[in-house]
Colleague: 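Take this structure, written in structure tokens, and hold onto it; I'll ask about it next.
We count ligands from 1, going down the list as the structure has it; atoms in each ligand are counted the same way.
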Amino acid sequence: MYGLSAEDLAIQARARGFADELIPFEEQAEASGAELPADVTAGHAKRARELGLHSTNMPPELGGGGCTTLQQVLVQEQMGRVTNALGWVAATPPSWLPEVATADQIERYVRPAISGDREECYAITEEGAGSDVDAIEATARRDGDAYLLNGVKWHVTSYNSADFAFFQARLAGGPHDGEHAMFLVDLPSPGVRVVRTPAYTHTISHHHPIVAFENVRVPAANLVGAEGDGMAFAYEWFRFERLMVAARCLGAAGRLTEEMTAFAATRRAGGGPISDHGLVAGMLADSLTELFAARAMAYETARGIDGGIDTKVSHAQCSMAKLYCSEMAGRVADRAVQVFGGRGYMRENVAERFYRELRVERIWEGTSEIQRMIIARQMVKRTPAALA
Ligand SMILES: Cc1cc2nc3c(=O)[nH]c(=O)nc-3n(C[C@H](O)[C@H](O)[C@H](O)COP(=O)(O)OP(=O)(O)OC[C@H]3O[C@@H](n4cnc5c(N)ncnc54)[C@H](O)[C@@H]3O)c2cc1C
């Protein structure tokens, strides 16, 4: 099905097998605030690397998997079947970085990220700048052979486990005054501190603290690309990550569809299995129908990228995939809770966990509203036929 090659099917099967190894840890993760014993987490990370599921998106000459975009989607789809972000051990470092990184940055950041020795986090969003990234107020001021960074960043995912941060700021002074630039900041660094760590809806081990950067001095060698390049990297990352969000949503919806079907076929009420009741059957059928459409869309988007489609077209298609797959998964999770009845409201049930966890997929990496704005803008500029 879906015209997958033998290689595609092999990596998909490997990823599915790994997801099946992770699933038994979900309830323990949920009950413990996602704090699994360190040796268990380290074991999962090691296994992901051994199976070739880590850094699938990175170039092989640097130690990455060099997978096609479609294969990256297939892997992330399987990781999406697992709750509590246990599948995040199959990490995807920023694939745009090797092309713009200096030789020194490749050694200090790119290779260690690919090998799993160093982990990154992204400090871009601020209290007054979320959807509107251009509104950031963080500053970077050149000071001799260094830059001084200042700003307060929100929702810095994985800060608690990260070894370095991408910090986006507005240049203050110099020939590119007011333009954006991106910096690599080692963690910990003098002047970087957690303001507070709010609790979020999901139960995962990755925190999203508010982090203050106060007169943080980084060498000029830590500037990524050139002054003024900051926004270009953000856009490239969005394109990639939106498709991977879509992929993980396919996995979640796939798992939920399997689990609710199995339950509905065996749970008896009113003299027979609940799947015999038309209203329950409708929830099953609608879920698989939407999943089929979403999967076809995400795979086709990936194939387009592998085939060298125009970047602007793929930008809109990644937005469509993210929008549709995340909203589809949200609807499937809602139905799954309903099909499981009271059990679906218990934290030990996969439907309950996904019902909470999937909500953020419509918010991060650009909200559903932002995706709709991007798609509509491209429709007007390029015609609907050019995009789909
Ligand atoms: C769990 C979590 C983890 C995150 N991790 C990171 C991270 O690691 N690094 C990072 O930098 N950021 C991170 N973010 C931030 C995330 O990208 C932003 O929350 C998101 O982009 C939305 O921004 P906002 O929250 O400021 O909402 P706002 O931009 O204030 O939007 C509020 C509402 O207004 C709507 N809206 C805004 N502008 C428009 C418009 N032009 N047209 C139509 N509607 C609009 C939005 O869709 C939304 O419904 C994370 C967020 C969460 C919740």
Side-chain angles (χ1 to χ4, degrees), residues 33-34 80 83-85 88 91-94 96-97 113 119-138 140 149 151-170 180-185 187 192 194-213 224 230-231 233-242 244-246 248-249 252 316 318-319 322-323 326-327 329-330 353-380:
T83 65
N84 302 88
W88 285 19
T92 48
W96 51 266
L97 188 57
E119 196 185 322
E120 78 279 9
C121 65
Y122 297 84
I124 298 170
T125 301
E126 298 175 7
E127 183 173 13
S131 302
D132 186 5
V133 182
D134 201 35
I136 60 168
E137 290 180 351
L149 309 181
V152 180
K153 297 295 186 175
W154 276 51
H155 311 296
V156 185
T157 298
S158 307
Y159 179 85
N160 55 320
S161 51
D163 303 283
F164 64 96
F166 287 94
F167 180 87
Q168 192 161 324
R170 213 171 256 294
H180 286 231
M182 179 91 84
F183 298 88
L184 290 153
V185 182
L187 298 174
V192 183
V194 171
V195 177
R196 65 187 177 92
T197 302
Y200 285 71
T201 304
H202 51 205
T203 312
I204 71 174
S205 65
H206 301 256
H207 301 168
H208 318 279
I210 298 171
V211 182
F213 294 72
V224 183
M231 284 303 278
F233 304 142
Y235 288 134
E236 228 173 299
W237 183 246
F238 279 147
R239 239 184 337 270
F240 169 81
E241 196 49 40
R242 283 169 187 164
M244 298 305 141
V245 164
R248 288 188 288 271
C249 287
C318 289
S319 286
K322 199 254 184 195
L323 172 66
S326 63
E327 298 204 340
R353 294 194 297 277
F354 268 134
Y355 181 72
R356 277 180 293 120
E357 291 180 15
L358 286 167
R359 190 61 186 85
V360 76
E361 307 291 2
R362 288 186 261 162
I363 296 171
W364 59 17
E365 306 303 340
T367 63
S368 283
E369 292 71 38
I370 294 300
Q371 307 309 330
R372 289 188 167 91
M373 297 303 296
I374 292 169
I375 298 158
R377 220 176 289 134
Q378 290 296 323
M379 287 167 71
V380 172

Colleague: What's the spacing between His202 NE2 and Glu361 CD if we round to 0.5 Å?
Modeller: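 One gets 9.5 Å once the value is rounded to the nearest 0.5 Å.
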Colleague: For ligand 1, which atoms, with element, lie under 4.0 Å from some heavy atom of Thr367?
Modeller: 22 (C), 46 (C), 47 (O)
Colleague: Who's the nearest protein heavy-atom neighbour of atom 27 (O) of ligand 1, and how far?
Modeller: Ser131 OG, 4.1 Å
Colleague: Would you say OH of Tyr159 has more than 12 non-hydrogen atoms from neighbouring residues, nucleotides or ligands within 6.0 angstrom?
Modeller: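 Check passes, neighbour count above 12.
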Colleague: Side chain, backbone, both or neither: which applies to His208 and ligand 1 if a contact is any heavy-atom pair less than 4.0 Å apart?
Modeller: side chain
Colleague: Indicate yes or no: at least one non-hydrogen side-chain atom of Gln371 is less than 4.5 angstrom from one of Arg362.
Modeller: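 Result no, sub-4.5 Å side-chain heavy-atom pair not found.
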Colleague: Under a 4.5 Å cut-off applied to non-hydrogen side-chain atoms, are Ser319 and Arg242 in contact?
Modeller: yes
Colleague: For atom 39 (C) of ligand 1, decide whether some protein heavy-atom distance is shorter than 4.0 Å.
Modeller: yes
Colleague: Any donor and acceptor pair, going by atom type alone, linking the side chain of Glu120 with main-chain N or O of Ala162 inside 3.5 Å?
Modeller: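 Side chain of Glu120 to backbone of Ala162: no pair is present.
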Colleague: Please report whether atom 30 (O) of ligand 1 has a protein non-hydrogen atom at a separation of less than 4.0 Å.
Modeller: no
Colleague: Starting at CD of Glu369, measure out to CG of Leu323 and round the result to the nearest 0.5 Å.
Modeller: 9.0 Å
Colleague: Going by heavy atoms in the side chains, are Val156 and Phe166 under 4.5 Å from each other?
Modeller: no
Colleague: At what distance is the nearest protein heavy atom to atom 26 (O) of ligand 1, and which residue and atom is it?
Modeller: Gly130 CA, 3.2 Å
Colleague: For Val360, counting its heavy atoms only, list the atoms of ligand 1 lying under 4.0 Å from any of them.
Modeller: 1 (C), 53 (C)
Colleague: Need the ligand 1 atom indices (1-based, order shown) with element for anything under 4.0 Å from a heavy-atom of Ile124.
Modeller: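 Near Ile124, the atoms of ligand 1 are 11 (O).
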Colleague: Can you spot which of Arg356, His155, Glu357, Arg359 makes a side chain to side chain contact (heavy atoms under 4.5 Å, CB included) with Tyr200?
Modeller: His155
Colleague: Measure the distance from atom 42 (N) of ligand 1 to every protein heavy atom, then report the residue, atom name and distance (to 0.1 Å) of the closest one.
Modeller: Met373 CG, 3.9 Å
Colleague: Less than 4.0 Å between atom 34 (O) of ligand 1 and some protein heavy atom, yes or no?
Modeller: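 Within 4.0 Å: no protein heavy atom nearby.
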Colleague: For atom 2 (C) of ligand 1, grab the closest protein heavy atom and report residue, atom and distance to one decimal in Å.
Modeller: Trp364 CE3, 3.5 Å
Colleague: Of the protein's non-hydrogen atoms, which lies at the shortest distance from atom 12 (N) of ligand 1, and what is that distance?
Modeller: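 Going atom by atom, the protein heavy atom closest to atom 12 (N) of ligand 1 ends up being Thr125 OG1, 2.6 Å.
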Colleague: Quick one: which of Glu127, His155, Lys153, His202 has a heavy atom closest to atom 50 (C) of ligand 1?
Modeller: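 Shortest heavy-atom distance from atom 50 (C) of ligand 1: His155.
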Colleague: Which ligand 1 atoms does Ile370 reach within 4.0 Å, using its non-hydrogen atoms?
Modeller: 38 (N), 39 (C), 40 (C), 41 (N)
Colleague: If you have a sec, work out which protein heavy atom is nearest atom 5 (N) of ligand 1 and how many Å separate them, to one decimal?
Modeller: Thr157 OG1, 2.7 Å
Colleague: Could you state the interatomic distance from CZ (Arg196) to CD1 (Ile210), rounded to the nearest 0.5 Å?
Modeller: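 Here the interatomic distance stands at 4.0 Å.
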Colleague: Specify the protein heavy atom at minimum distance from atom 9 (N) of ligand 1: its residue, its atom name, and the distance to 0.1 Å.
Modeller: Tyr122 O, 2.8 Å
Colleague: Name the orientation class of the two ring planes belonging to Trp96 and Phe233 (parallel below 30°, tilted from 30 to 60°, perpendicular beyond 60°).
Modeller: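 Parallel, since the angle between the ring planes stays under 30°.
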Colleague: Note the single closest protein heavy atom to atom 49 (O) of ligand 1, along with its residue, its atom name and the distance in Å.
Modeller: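 Of the protein heavy atoms, Glu369 OE1, 3.4 Å lies nearest.
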Colleague: Below 4.5 Å, heavy atoms only, C-beta onward: do Val152 and Val211 meet side chain to side chain?
Modeller: no
Colleague: Hey, which atoms in ligand 1 end up nearer than 4.0 Å to a heavy atom of Ile363?
Modeller: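 So the atoms of ligand 1 that pass are 20 (C).
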